[in-house]
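Here the structure comes first, spelled out in structure tokens, and everything after it is commentary.
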Amino acid sequence: MRFLFSMALLAFSLSYTGYALYSLDLLDRADRLGPGFFPAIVGVLLIATTAANGIREYRRQREAGTALDALWRDVAEMTGLIALFLVLLPYAGSLLTIFAFTGLYLYRFNRGRGWFNAVYAVAFSAAVYLLFEVVLQAGLPQGVLAPLY
Amino acid sequence: MEDLFANLASGLALALSLENLVFLVVGVSVGMLVGLFPGFGPAAGIAILIPMTLGLEPTTGIILLAGIYYGAMYGGTITSILINTPGESATVASTLDGYPLAQAGRAGPALVMQAVASFVGGAVGVVLICAFAPALSSFAASFGPSEYFLIVFLGLLLLATLMGDSLLKGIISALLGFAISTVGVDVISGAQRFTFGSPELIDGIYFVPVAIGLFGIGELLNCIYTGEHKKPAKRISVTIFSRAFWPRAGDFRISRFTFARGSLIGFIAGVLPGSGATIGSILAYSVEKRVARDPGEFGKGDIRGLVAPEAANNAASAGAMVPLISLGIPGSGATAVLLGALLMWGLQPGPMLIVDNPDFVWALIGSMYLGNLMLVLMSVVAIPLFIKFLDVPYRLVVPVIVTLCIVGTFALHSSMIETWILLATGLLGFGMKRFGYSPAATVLAVVLGGMAENAFLQSLLIGDGSLRIFITRPISLALTAVAAAIFVAAAVVRLRALRR
């Protein structure tokens, strides 16, 4: 994973620099420094440093091996749950989304305590709704519940 | 000197208004809680609560956020002492003697002494801010673009050198921040950069989702990876009504000079951009061990080994405010988030902040006095109450953190793109934390990227495109020399390590 992460950073650096050089001018029409000048410097330095880092991480991986820890699965599931939160938010609205996210999360990570999890999910989503919508008037998405507001 | 006291008195009067006092109590209490939860540092706490300060007066807002900042230093030590788990990186050094003290049945005296040391460090730090911030502001008024660029560069270089696994990874972290900061309209030419036609990106990527992502979601995913969500709650009870809870006179006698040394070392470490409370506390511990007649006692539960880092990390928190207030340059991830909050409220940190908004600056400094006083009382009297929060298992805190991060980010501009940026930077922050990069350098570069780019381009324009401007002006030359020395020193240390 360490090496993969360093390769992802190198890929980002190449894309960033390529796009900067392709879409932005280094100098403007009056031969002054243009909008692409600073991004080009940052991009070139990024490519140089992430490439050097990638080589170093590759050597390190060859020495240490690539065993994956079981907890990577929990991290992936948590990331999936957060992504689901973001997908649901504009359509289902904040109240239902927070309830669904909390319920699903507790179902997965706090097993065997059904009643507690249900009460926690209801009470927590109601508390967030009261704090952000009623007290702070933050204007959170209403989603399918909009006709009830 | 008279002006100083008059300004401080007016600052204290402002901080003592009912509204400011209420938010100060809220800030320091939240800070203590933030410090209690392992891996959830003050930068994340401040970033998550920034959206809630949008409706507040800037002075009240900064009092709340600064309270979280130094409150976390107090809270982080409680877990360092009781369960050998630092709640905050700046309290790592406190575990070395704090936990052995608790194991020896002296948890009460350790908790009281850490509170007193934190108070002394914080109070000394605030006195030194009063002395240094206005003077540095006057000095910095003569700075040009080249000096500003070099100070930003120096701060990032120090952060890159001291944090993370290696200098290379630190530099990559800072460059990533610069890359993020280039999104949006270029202020000189008006051209759009990396917006991909999205109107939501024209103003650039706002620093708050990035900071919440890197520190909040990133730390959370890291805690899940380390299995915090599977660990049972730690039930601990402490009572203040037992005689054994209170330190002995001998504890104060043996550490009377430690308070002063720790505070001074911490403050200096805090003032240096990029160094901060973590380095300050470790340095103070090392110095204390070195000057002690009986260094063998350190690590076995010596009260001096707890007092030194505690005084240092709180003095460093105050010290880090000096470059923030007087130069507009934060020295750490947490102060970078505070800087972003100042910009959000329309205030321009830098030499003119103290001239244009004296009430704001002095109320902040005044509130730090009051906040430290409150924290020492809370740390002693309310310790049993705060320890109760350790009974809540981490897995039940996770939905609260995730929801606050997402809802708080959305509430800023009602933007879904920013919530996706939050997730993306959260994953980035997790990877950075796991593999030894420095998220603090990234946030610092995001916040200061625009300023650094403008200062760099202006310097080149003034110098007719030549980089010589960075060595021809006296202050620039000194800053360039310091930066070169740091770079060479880091390279020499690395070469020596490779030879071994």
Side-chain angles (χ1 to χ4, degrees), chain A residues 1-2 5-6 8-9 12-13 16 19-20 23-25 28 32-39 41-43 45-46 49-50 52-53 56-57 69 71-72 74-75 77-79 81-83 85-86 89-90 94 98 101-102 105-106 109-110 120-121 124-125 128 131-132 136-141, chain B residues 51-52 54-55 166 168-169 171-172 175-176 178-179 182 186 188-194 217 220-222 224-227 229-230 393 395-396 398-400 402-408 410-411 414 416 419-420 422-423 426-427 430-432 434-437 449 452-453 456-457 460-461 465:
Chain A
M1 286 306 280
R2 183 180 281 274
F5 186 74
S6 69
L9 291 181
F12 168 79
S13 308
Y16 173 86
Y19 191 80
S23 66
L24 300 168
D25 298 323
D28 66 10
R32 287 174 308 198
L33 304 175
F37 186 75
F38 192 71
I41 294 176
V42 171
L45 288 173
L46 259 175
T49 49
T50 51
N53 186 50
R56 192 192 280 182
E57 297 290 35
D69 206 301
L71 286 169
W72 278 107
D74 285 6
V75 174
E77 284 179 15
M78 191 67 224
T79 307
L81 279 172
I82 296 173
F85 190 127
L86 299 183
L89 189 61
S94 58
I98 295 168
F101 167 77
T102 311
Y105 166 82
L106 292 171
F109 291 105
N110 195 38
Y120 185 107
F124 177 60
S125 40
V128 173
L131 175 66
F132 280 90
L136 296 172
Q137 300 189 331
L140 299 178
Chain B
M52 294 187 199
L54 279 173
S166 67
L168 185 62
K169 286 181 178 174
I171 292 171
I172 291 172
L175 287 170
L176 284 172
F178 277 139
T182 55
D186 173 38
I188 295 176
S189 65
Q192 289 189 26
R193 303 189 297 196
F194 308 103
I217 300 289
L220 177 122
L221 293 175
N222 190 47
I224 286 181
Y225 180 77
T226 53
H229 63 304
K230 295 197 168 173
R395 64 179 175 278
L396 296 184
V398 170
V400 180
V402 171
T403 306
L404 280 180
C405 287
I406 296 174
V407 170
F410 182 84
S414 300
M416 279 311 294
T419 58
W420 285 102
L422 169 85
L423 178 58
L427 287 170
F430 168 61
M432 292 178 91
R434 274 269 28 91
F435 304 127
Y437 298 79
E453 181 181 356
F456 181 66
L457 295 181
L460 288 185
L461 282 172

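The chains referred to below are lettered A, B, ... by the order of the sequence lines, with proteins before strands, and numbering in each begins at 1.
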How far apart are the C-alpha atoms of V407(B) and I98(A), what are their side-chain angles, what is the distance that settles it, and do they pass the side chain to side chain contact (heavy atoms under 4.5 Å, CB included) test?
CA-CA 9 Å; V407(B) 170; I98(A) 295 168; 4.1 Å; yes
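- To the nearest 0.5 Å, the span separating CD on E453(B) from CZ on F38(A) amounts to 5.0 Å.
- Here the CZ-CD1 distance, from F109(A) to I224(B), works out to 5.5 Å after rounding to the nearest 0.5 Å.
- Atom-to-atom distance recorded for R395(B):CZ and D74(A):CG is 12.5 Å, nearest 0.5 angstrom.
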Residue pair L396(B), L106(A): steps toward the side chain to side chain contact (heavy atoms under 4.5 Å, CB included) verdict:
CA-CA 8 Å; L396(B) 296 184; L106(A) 292 171; 3.8 Å; yes
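- Heavy atoms of L176(B) lying under 4.5 Å from chain A belong to its backbone as well as its side chain.
- Looking at F430(B), the atoms closer than 4.5 Å to chain A (heavy atoms on both sides) all sit in the side chain, from C-beta outward.
- The residue among L81(A), L89(A), N110(A), T50(A) with the most heavy atom pairs within less than 4.5 Å of chain B is N110(A).
- When each of I41(A), V128(A), V75(A) is checked for heavy-atom pairs under 4.5 Å with chain B, V75(A) comes out on top.
- With rounding to the nearest 0.5 Å, the separation of CG in L33(A) from CZ in F456(B) is 8.0 Å.
- Smallest separation of non-hydrogen atoms from K169(B) and E57(A): NZ-OE2, 2.8 Å.
- Only the side chain of V402(B) comes within contact range of chain A, with at least one heavy atom under 4.5 Å from a heavy atom of that chain.
- Each of I171(B), L427(B), V400(B) has some count of heavy-atom pairs under 4.5 Å with chain A, and the biggest count is that of V400(B).
- Remark: L423(B) CG to T79(A) OG1 distance equals 6.5 Å, nearest 0.5 Å.
- Heavy atoms of A8(A) lying under 4.5 Å from chain B are absent altogether.
- Taking each heavy atom of M416(B) and L86(A) in turn, the nearest pair found is CE-O, 3.2 Å.
- At a 4.5 Å heavy-atom cutoff, the contact between A20(A) and chain B is made by backbone and side-chain atoms alike.
- Residues P141(A) and F410(B) are in side-chain contact: their nearest non-hydrogen atoms beyond the backbone lie under 4.5 Å apart.
- In terms of heavy-atom proximity, T49(A) sits nearest to L175(B) at OG1-CD1, 3.7 Å.
- Using a 4.5 Å cut-off between heavy atoms, S414(B) touches chain A through its side chain atoms alone.
- Using a 4.5 Å cut-off between heavy atoms, I406(B) contacts chain A through its side chain alone, with no backbone atom that close.
- Looking at every heavy atom in both residues, A179(B) comes nearest to V42(A) through N-CG1, 3.9 Å.
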Given Y437(B) and N53(A), is the side chain to side chain contact (heavy atoms under 4.5 Å, CB included) satisfied, shown in steps?
CA-CA 11 Å; Y437(B) 298 79; N53(A) 186 50; 2.6 Å; yes
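- Of the atoms belonging to S13(A), not a single heavy atom falls under 4.5 Å from chain B.
- Heavy atoms only, all atoms of each residue included: P399(B) and F101(A) are closest at CA-CE2, 3.9 Å.
- With a threshold of 4.5 angstrom between heavy atoms, L221(B) approaches chain A through its backbone and through its side chain.
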Between L45(A) and F178(B), is a side chain to side chain contact (heavy atoms under 4.5 Å, CB included) present by the stated rule, with each step listed?
CA-CA 11 Å; L45(A) 288 173; F178(B) 277 139; over 6 Å; no
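- Of the inter-residue distances, the one linking L24(A) atom CG with T182(B) atom OG1 reads 8.5 Å to the nearest 0.5 angstrom.
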